[in-house]
Amino acid sequence: MTRLTWTRRLALAALAASVMSAGAQPATLTPPAAMRLDGVPPISAAIVDKVAAYTEFKPSGVLDWHPQRREILIRQRLRNTAQLHRVTQPGQAPAPITDLAEAVAGGTWQPRKGGYLLLSGSEGGNEVYRIRRFDPETKSITAVSPDGQRAGSLNWSPDGERIVYTTVPIDRNNQSRELQTTVHLADPLNPEAARVLAKLPGGGWFSFRFSPDGKQLSYIEYRSAESSDLWLMDVATGESRRLTHQAKGEPVAYRDAEFAPDGRGLYAISDRGSPFSRLVYLDIASGKETALAANLQADVESIAVSGEANRLAFITNDAGAHTLRFLDLKTRKEVDRPALVPGVVSGMLWRPDGSELAFAHASAKSPGDVFTYDPKANRVTRWTNGNSPKLNAQAFVDPRVIRWKSFDGREITGLYYHPPSTFEGPRPVYVSIHGGPEAQARAGFIGRNNYLVNELGVAVIYPNVRGSSGFGKEFLKLDNGRLREDSVKDIGALLDWIAKQPGLDGKRVLVTGGSYGGYMTFATAVHYADRIAGAASSVGISNFVTFLERTETYRRDLRRVEYGDERDPAMRAFLESISPLNHADKISKPLFVIQGKNDPRVPWTESEQIVAVLKKRGTPVWYMLAEDEGHGFQKKANADYQFYAMLAFVERTLFPK
């Protein structure tokens, strides 16, 4: 489609909407108050009724068990934002606890009596999280962490009287842009008397956890997805010592460490001496590391330890689908596990008495519901149902794993959702690239995108290009530094694969992605403009140099390890050479750019600058900026309007008239 035809169609659509709006009923939707649109045509109000059922899913996340009752604290949407809810028994409707203007990111009960909650949240998607004490009876809120600092790594002491948490400065209060992580010890009932345990250089210090006797803290020094270490800190003195050390010539990554019930060791995840991340036990006195369940040829992703249950729960990853497993702490052998449908498991949390493990499970047919597992009875119980009442989620398409060879002969995989057989002929394709890049497309729930598959007959593909997690540590580093565009070539190879499939239409392909996936979308629009119908980037990187210079300081060094250090002249020149902004003249197909104004990760200027260049060149571009959002849209009203606009973009690119 030529630019003239595209522009003319937008003008005709706007004219038609204007004429219809003159009637008795509004024909177009009014955008949310904080949303700014440039080039996005009016959206027909008729779309709401068509799509409504696909916007009403309510996934749940597990946050905590009540310390005295069989009751689970969850995070679920309440009207426009995610809030805290309690579920008092399986199948009971979640009861809201909070009803705040902004989303609540997390929450936890006071561990002994549950007299109050600690919750965390930020404003407008800026991710400047602050810890607050919340009284469920009076609804009063008291600040616990300091204002203007990003708080994280909240963890309770075993006696339930103290917490540990960290803070890092944010750039608006940190003009020097120097960075250190402050570790605080506090009584939530008297936060003003908090004590600083330590000040650590940089921003890569996470996952602080108390030992069973409350005298030590374990924590992680994170340098990159490939390199991290475990440390121990004396709570009384604040003195620390490194428990692990990097192997010569081969970086080692540790994560998700938990103390053993006797406090003499740590269970953790490590890829030392293995192509995959494994479950290990580290003896604190000797530093000896012992691999557990070492026969598994898959990445271990998370763990949860219960001395009361004598069990360690852990998750393994097989091509994006999770298996929930259990280890007997005494024999260190695997024991019975539940049979779950393929999907994604998250938020594992043992009940204090060890009788049940709570977790969230999402699949192609479930948006993410809360379940519990009783290890003695080997029984799974479902607690919530977040499916849309007007849809039969059991009829949704299950994904299948597809494989294709890339430019260097390496096999790349993805998850493929093919429309129902009622749609005839080769189907248009919607390629959605994940962010990270150290992330993975998984066999979870695809949410609103089910509408594309079920109602429009669009085939949806989620590729896992090189650099994705879940496929071992060698695959993870294949896109680092100067190898960056090799991952873009993986998308080129996918476009080749699509063109050869008799059931797909290689001339009608839309590529989209968010964050790093947004960069991949821009890069695909640059390199493969002749092979796609359009592209849609959400909070995407358009120039690696300006991104690294403007991203929040607490993230910058961690991102430099992945992308390269822009302060080095040679690397700066390379980053400029591969940045889509500097090749915008090659983008010829329609582009949709979506951004949150308060994004601390990929600043809004990354979207603004590429939109400006494309507009100057006359390239068709839609731009959506939400001034009350950050790294992706969290408020339902904004997310819904974004999807309505995306459907309009899909119609104009994949179903041209």
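The model shown is predicted, which means the values in this text are computed figures rather than measured ones.
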**Q.** Distance-minimising heavy-atom pair for Thr98 and Leu119
**A.** CG2-CD2, 4.0 Å
Q: Side-chain contact test, heavy atoms from C-beta onward, threshold under 4.5 Å: evaluate it for Ile461 versus Tyr430 and give yes or no.
A: no
Q) With no hydrogens and no angle check, is any side-chain donor or acceptor of His322 less than 3.5 Å from a backbone partner on Gly320? A) no
**Q.** Side chains of Asn543 and Glu606, donor plus acceptor under 3.5 Å
**A.** no
Q: Nearest 0.5 Å please: distance from the CG atom of Leu391 over to the NZ atom of Lys365.
A: 13.0 Å
Q. In Å, rounded to the nearest 0.5 Å, how long is the span from CG of Leu452 to CD1 of Ile446?
A. 7.5 Å
Q) Is a donor on one side and an acceptor on the other found under 3.5 Å between the side chain of Asn80 and the backbone of Ala637? A) yes
Q) Do Arg466 and Glu411 pass the salt bridge (Lys or Arg N to Asp or Glu O under 4.0 Å) test, and can you show the C-alpha distance, the side-chain angles, and the key distance before you say yes or no? A) CA-CA 9 Å; Arg466 66 191 67 207; Glu411 184 178 80; over 6 Å; no
Q. Is a side-chain donor or acceptor of Asn454 paired with a backbone partner of Tyr451 at a separation under 3.5 angstrom?
A. no
List, one per line, each side-chain donor-acceptor pair under 3.5 Å for residues 412-420, sequence neighbours excluded.
from	atom 1	to	atom 2	distance (Å)
Tyr416	OH	His418	ND1	2.5

Q | Atom pair OG (Ser542) and CG (Leu581), whose distance is rounded to the nearest 0.5 Å | A | 5.0 Å
Q) Can you tell if the side chain of His434 reaches within under 4.5 Å of the side chain of Tyr462, non-hydrogen atoms only? A) no
**Q.** Close side-chain approach of Ile498 to Val431, heavy-atom, < 4.5 Å
**A.** yes
Q) Counting only heavy atoms not in Asp505, do more than 12 sit closer than 6.0 Å to its CG atom? A) yes
Q: Could you grab the distance from atom CG of Leu647 to atom CD of Gln642, nearest 0.5 Å is fine?
A: 10.5 Å
(Q) ring-ring contact (aromatic ring centres under 6.0 Å, His included), that's the test. Do Phe359 and Tyr373 meet it? Break it down for me. (A) CA-CA 8 Å; Phe359 59 94; Tyr373 176 66; 7.7 Å; no
Q) Does NZ or CZ of Arg559 come closer than 6.0 Å to the centre of the six-membered ring of Phe547, within 45° of the ring's axis? A) no
(Q) Using a 3.5 Å distance criterion without hydrogens, assess whether the side chain of Ser537 forms a donor-acceptor pair with backbone atoms of Val593. (A) no
Q: Taking Ser388 for its side chain and Ala53 for its backbone only, find out whether a donor-acceptor pair lies under 3.5 Å.
A: yes
Q) Judged by modelled atom types alone, do Arg555 and Thr551 share a side-chain donor-acceptor pair under 3.5 Å? A) yes
Q: Using modelled atom types only, decide if a donor and an acceptor are shared between the side chain of Thr521 and the backbone of Gly517 within a distance under 3.5 Å.
A: yes
**Q.** Criterion side-chain hydrogen bond (donor to acceptor under 3.5 Å, both in side chains) on Gln595 and Ser607, from CA distance to verdict
**A.** CA-CA 7 Å; Gln595 181 68 51; Ser607 291; 2.6 Å; yes
Q: Please name the pair of heavy atoms, one in Ala525 and one in Ile532, separated by the smallest distance, quoted to 0.1 Å.
A: CA-CD1, 3.9 Å
Q: Kindly indicate whether the side chain of Leu117, heavy atoms from C-beta on, has any atom under 4.5 Å from the side chain of Thr108.
A: no
Q: Can you see which heavy atom on Gln76 is nearest to which on Pro59, and at what distance?
A: CG-O, 3.7 Å
Q: Check the pair Asp38, Lys615 against salt bridge (Lys or Arg N to Asp or Glu O under 4.0 Å), reporting the backbone distance first and the verdict last.
A: CA-CA 10 Å; Asp38 184 356; Lys615 286 178 64 178; 2.7 Å; yes
Q) Which pair of heavy atoms, one from Val613 and one from Ala584, lies closest together, and at what distance? A) CG1-CB, 3.6 Å
Q: Determine whether His361 and Asp369 make a side-chain contact, defined as any pair of heavy atoms from C-beta on separated by less than 4.5 Å.
A: no
Q. Is it the case that more than 12 heavy atoms not belonging to Lys507 sit under 6.0 Å from its NZ atom?
A. no
Q | Evaluation steps, side-chain contact (heavy atoms from CB on, under 4.5 Å), between Ile97 and Gln83 | A | CA-CA 7 Å; Ile97 298 176; Gln83 300 293 320; over 6 Å; no
Q | For Gly124 against Asn598, the heavy-atom pair lying closest together | A | O-ND2, 2.8 Å
Q. Taking side chain as C-beta onward, heavy atoms only, is Asn317 less than 4.5 Å from Arg442?
A. yes
Q.
Looking at Arg77 and Lys58, would you say the former's side chain and the latter's main chain have a donor-acceptor pair under 3.5 Å?
A. no
Q: Show the numbers, then the answer: is there a side-chain contact (heavy atoms from CB on, under 4.5 Å) between Leu625 and Met35?
A: CA-CA 6 Å; Leu625 177 71; Met35 189 168 288; over 6 Å; no
Q: Look only at the side chain of Ser487 and the backbone of Val465, and say whether a donor-acceptor pair between them is shorter than 3.5 Å.
A: no
Q) Applying the ring pair (Phe, Tyr, Trp, His ring centres under 6.0 Å) test to Phe592, which of Phe643, Phe649, Tyr623 qualifies? A) Phe649
**Q.** Any side-chain heavy-atom pair of Gln634 and Glu629 under 4.5 Å
**A.** yes
Q: Please test Arg427 against Val458 for side-chain contact (heavy atoms from CB on, under 4.5 Å), starting from the C-alpha separation and ending with a verdict.
A: CA-CA 6 Å; Arg427 306 314 308 158; Val458 176; over 6 Å; no
**Q.** Polar side-chain atom of Arg382 near backbone of Thr384 as donor-acceptor pair, under 3.5 Å
**A.** yes
Q. Atom CG in Asp490, atom NZ in Lys405: separation rounded to 0.5 Å?
A. 13.0 Å
Q: For Ser122 and Arg130, test the side chains for any donor-to-acceptor distance below 3.5 angstrom and give the result as yes or no.
A: no
Q | Trp622 CH2 to Leu591 CG distance, which is reported to the nearest 0.5 Å | A | 11.0 Å
Q. Below 4.5 Å, heavy atoms only, C-beta onward: do Pro96 and Leu84 meet side chain to side chain?
A. no
Q) What do the steps show when you test Arg448 against Asp640 for salt bridge (Lys or Arg N to Asp or Glu O under 4.0 Å), and what is the final call? A) CA-CA 9 Å; Arg448 294 171 173 85; Asp640 284 352; 2.6 Å; yes
(Q) Apply salt bridge (Lys or Arg N to Asp or Glu O under 4.0 Å) to residues Lys597 and Asp628 and explain how you reach the verdict. (A) CA-CA 7 Å; Lys597 184 69 176 292; Asp628 59 347; over 6 Å; no
Q: Give the intermediate values and the outcome of side-chain contact (heavy atoms from CB on, under 4.5 Å) for residues Tyr641 and Phe633.
A: CA-CA 10 Å; Tyr641 196 87; Phe633 291 3; over 6 Å; no
Q: Could you tell me which non-hydrogen atom of Pro399 sits nearest to which non-hydrogen atom of Ala443, and how far apart they are?
A: CG-CB, 4.3 Å
Q: Determine yes or no for a side-chain-to-main-chain donor-acceptor pair under 3.5 angstrom, with Gln440 supplying the side chain and Asn464 the backbone.
A: no
Q) Using 30° and 60° as the class limits, which term best fits the ring planes of Trp404 and Trp497: parallel, tilted or perpendicular? A) tilted
Q.
Applying salt bridge (Lys or Arg N to Asp or Glu O under 4.0 Å) as the test, list every pair that has at least one member in residues 85-106; sequence neighbours left out.
A. Glu71-Arg86, Arg79-Asp99, Glu102-Lys635
Q: List the steps and the verdict of ring-ring contact (aromatic ring centres under 6.0 Å, His included) for Tyr519 and Phe522.
A: CA-CA 5 Å; Tyr519 153 72; Phe522 286 142; 8.2 Å; no
